[in-house]
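Atom set for the values below is all heavy atoms of this structure, side chains included, hydrogens, waters and symmetry mates excluded. Each ligand, and each atom within it, is numbered from 1 in the order the structure gives. Model, not experiment: these values are computed from the prediction.
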Amino acid sequence: MLFGYTITMNNNEQLMEKIISLSKNRGFIFQAGELYGGMAGIYDYGPLGSLLKNNIKNLWIKKFVENRRDMYLLDSAIVMGEKPLTASGHVGGFSDPMIECLNCGTKHRTDNLINELEMNSVLDLALKPINDAVHATKDINGTFLNVFQKEKAESLIFEKKVSDSNEEFLLANKYLGQYPSIYLKSIEKKCEKCNKVAWADEAHEFNLMLKTQLGSSSDSSSTAYLRPETAQGIFVNYKNIMDSMHPKLPFGVAQIGKAYRNEITPRNFIFRLRELEQMEIEYFIHPENWKAEFEYWKDEMLEWSEMIGLDMNKLHEVEIGENDRAHYSQRTVDFEFDYPFGQKELFGLAYRGDYDLIKHAEASKTKLQYTDPVANETFVPHIIEPSMGLDRTILAILASAYTEDEIDGNTRLYLALNPLVAPYKIAVSPLVKNKEYIVNEANRVFGQLKAEFGNVSWDDNGNVGKRYRRQDEIGTPFCVVVDYDTLEEGHADFGTGSIRHRDTAEQERVAITELNNYFTEKLS
Ligand code: GAP
């Protein structure tokens, strides 16, 4: 009997460990290269993880491409040349500020070690004596008092890398240079790896792109990168899509694919990865419609989140301030999720304006425009970008679905996955393995359901109770058991199978001939 209450997990660390161990033990997600010690920030999806992932991708394509008339699917190359990624700003600017621990050699993001408020006060203190000294060498009109003082001020400026004019630059790059080190040493912040205070004197930019070399020569023309976002493949194909498909504005290009970021501190299982998968849409619009389109896509992203079974109480819309937005974005709303390790980004929605098309047009010396056939107006379309990380989606789905309850005094674990994303929709079992007529009939039912619903599993391991537990843990919403009653009720065609429901553990009997209709209704 089921005592239907859910145990609230108050120990989030424990929950995270349970999700990781379930993922491994039940064939969802494995550490890549585990046999050789593993690779940080890279994971392989096992048999069930691959099914879950494919279900999500297929639903995404159905919702955002197949069910619409304004969307084109793309599958662009992962390897990109240096020129487009220089134009997009990634070669120069896709970097994190990083400081090294000289004791153990690990590198850490300075903006993770020091928060915004701390950093501002450090900079105020650091800048004050320098600014005072520079100002002291100037007269009331701001000109230097004499050549000697000018030189002195200039050497001071050079030495400290600060001046009135580049103070703004310094503030924007405050996590770089000497200041992070001064602060970390002053508060004796220990390295989380070796527990020592041994920070290098300067923090540096660290480009996050994975670089490679094409062909045998090693000159700069052969330098290439694994794309840091799928979006760039869409922008560089804008002209091809216009010339081949002749779309009318507004229209979108959707792409699912791998992206690569050499994250300094990959962490939290599949949350911050070095090899990740994105589902991105670049939606091309007339600039004057951007506000309405932005709101529309916000709603679409919420609808998507609900459709795949995310716990909507754990989803938060966060408006990203000007200083924290990516260089290309004029407005960003992040959808953050309450993961077991805290509230963090799940999806992002950005208004990229005409930034990308202008940059690629300039660099490639090609017009990337649109001519409205009715108004006869030519302009560069603006872009709204709903961007959804697939791995983070999977983590949020697992965290939403992980449930423990109690049945007959025993703790039971199940994944309350939405049937649309569940790896298997149905599991079919013979009650016993030693009665040929039961096994045969179960096989017949299995074939019947598999032909209709695809992802149906055959499970005859252990006893029925154990099979239910196993299917609960992998989130199979329904188990069908063919038993003595199925055949005793006369001819098999008129018999019933037992259907057991994952979330309630309740059972009901449904005629074998009715199973397809029954599941069509339940799974649609
Ligand atoms: N084209 C825009 C773009 O790439 P982003 O915020 O850097 O923007 C978009 O990434 C989404 O990709 C994020 O909302 C997140 O879901 C996912 N993502 C980004 N970096 C990731 C990482 N290191 N590991 C896993 N997912 C990541």
Is a side-chain donor or acceptor of [X] paired with a backbone partner of [Y] at a separation under 3.5 angstrom?
| X | Y | answer |
| --- | --- | --- |
| Ser329 | Arg331 | yes |
| Arg274 | Leu210 | no |
| Asn55 | Ala422 | yes |

Neighbour list for ligand 1 [protein residues, heavy atom under 4.0 Å]
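Contacts of ligand 1 under 4.0 Å: Glu229, Ala231, Arg261, Glu263, Phe271, Arg272, Leu273, Leu276, Gln278, Glu280, Tyr328, Glu345, Leu346, Phe347, Gly348, Arg352, Glu385, Ser387, Gly389, Arg392.
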Do the ring planes of Tyr238 and Phe251 sit parallel (below 30°), tilted (30 to 60°) or perpendicular (above 60°)?
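The rings of Tyr238 and Phe251 lie parallel, inter-plane angle below 30°.
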Just checking, is any N or O donor in the side chain of His108 or Glu192 under 3.5 Å from an acceptor N or O on the other one?
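Side-chain D/A pair, His108 to Glu192: absent.
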Measure from the ring center of Phe284 to the ring center of Tyr370 and say whether it is less than 6.0 Å.
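That pair fails the under 6.0 Å test.
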